[in-house]
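Let me begin by presenting the structure, written as structure tokens, before commenting on it.
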Amino acid sequence: MNSKDLMKKSRAYALKNAVAYKGKANQGAVISALFNEGLKKNEVKKYIKEISKVVSEVNKLSLEEQKKEFEKLEGTTSKRKVREGLPELPGAKKGKVVMRFAPSPSGAFHIGHAMTACISYLLVKKYGGKFYVRIEDTNPDNIYKPAYKLIEQDSDWLFNKKAKIIIQSERMEIYYKYVKKLIDKKSAYVCTCSGDEFREYSKEKKNCPCRKLSVKENLEKWEKMLNKNGFKVGEAVLRFKSDMKHKNPAMRDFPLARINETPHALQKKKYRVWPLMNLSVAVDDIEQGMTHIIRAKEHKDNAERQKMIFKVLGKKFPWTSFLGRWHIKGLRLSASEITQGIKDEKYSGWGDEKLPTIQALKKKGYKPSAFWKFSENVGLSESDKTIDKEEFLKLLDSFNKV
Ligand SMILES: [Zn+2]
């Protein structure tokens with residue numbers, strides 16, 4: 001797009017936004033509409049001054065003038081792609097929408113969490129229903145203990161104390177109950193092949209011998225997994241009976257639970273068999289009555305696996321949408337890197353102003369609504385976004401002002 005066209009579009013979107021919001025156009029909204037028209041993230045810097053000028057010119061007009069000019073322009077702005085407000089949630093019933101955000105206990109929330117979680121929170125707020133923050137802590141090897149408290153604090157702030165916190169490790173008996181259900185339905189079996197052996201079967205699209213076990217034998221072997229004097233770590237794993245000929249090798253009889261004797265941060269040594277995420281996530285989504293799920297794109301295969309579990313249990317899979325990833329150049333978004341940096345005293349804590357955490361941004365004066373508006377504007381986009389730190393913060397700033 002050349003600069004002249006771009007400014008024309010900027011004016012059109014500024015007018016459209018102003019008309020929708022009592023005469024005040026929002027710069028961030030205009031820029032995100034321009035992204036849909038083909039503006040590249042790395043061009044923002046080049047055009048931001050001009051766009052700002054256009055937006056402030058539009059904001060100087062009266063609402064009547066804006067409406068008049070906008071009517072003349074209608075057709076210039078793409079109606080299909082640009083939406084004001086939140087996206088529609090297919091099949092949503094007033095007061096009955098149940099959604100979740102499911103962080104792992106690896107640290108406090110950062111921008112990446114906020115960008116994924118806020119859209120679900122806002123949709124529940126719009127339709128009415130329940131919003132869960134579910135801490136997925138069934139891998140004892142991957143828990144940063146302070147995360148429980150940090151996630152609770154950040155959720156209270158970011159979701160206005162409206163999120164109900166659920167901790168998966170407190171729900172182990174429920175997962176065990178479902179394991180028995182799946183074994184009973186002949187949809188799960190205990191596999192005692194070594195990892196190498198199973199990979200070989202999978203490669204050849206052949207069933208492993210354990211697949212033939214009867215329900216009774218499977219239940220006995222499951223007890224042997226639970227028993228300290230039974231199978232040892234690595235000797236047995238519970239698998240879902242999907243299809244060993246599935247075109248995607250990752251779908252072939254994937255594991256549901258395994259033995260891990262690392263003491264758990266909360267449960268200590270109470271359990272030795274831990275559900276893997278596809279089992280615990282499917283069970284919780286069923287138990288909590290999830291109606292809609294918005295999650296990161298990298299969970300597509302997992303969603304496929306969870307769908308299979310829903311199916312054998314005779315449950316309807318929730319409506320699902322995937323979000324693209326944000327690559328924000330110059331910002332560290334890995335919780336483990338941040339945790340390490342805090343341990344090494346490179347950062348003073350989760351609120352260190354060098355960090356892109358919610359705590360740090362809160363200290364700098366950002367309000368929860370800045371994150372809400374930002375994610376509302378991004379909507380349900382599956383494309384990955386690459387943006388410079390400065391541009392990202394500029395956009396966030398523009399949403400913070402309103
Ligand atoms: Zn086997």
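Both ligands and their constituent atoms are indexed starting at 1 by order of listing. As the structure is a prediction and not an experimental result, all values here were calculated from the model. These values consider heavy atoms only, across backbone and side chains, with no hydrogens, waters or symmetry-generated copies. By convention here, the first residue in the shown sequence is residue 1.
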Distance-only side-chain donor-acceptor flag, Asp137 / Gln168, under 3.5 Å: no

Under the side chain to side chain donor-acceptor pair (under 3.5 Å) rule, collect the residues that match up with Glu204, sequence neighbours excluded. Lys206

Between Gln340 and Asp344, is any side-chain donor less than 3.5 angstrom from a side-chain acceptor? yes

Checking Phe392 now: which residues fulfil ring-ring contact (aromatic ring centres under 6.0 Å, His included) with it, not counting sequence neighbours? Trp326, Phe374

Those residues that, when tested against Lys40, pass salt bridge (charged side-chain N to carboxylate O under 4.0 Å, His left out) (two or more places apart): none

Is Lys16 positioned over the aromatic face of Tyr13, cation under 6.0 angstrom from the ring centre and no more than 45 degrees off axis? no

Note, the Zn ion (ligand 1) has protein N, O or S atoms under 2.8 Å numbering 4

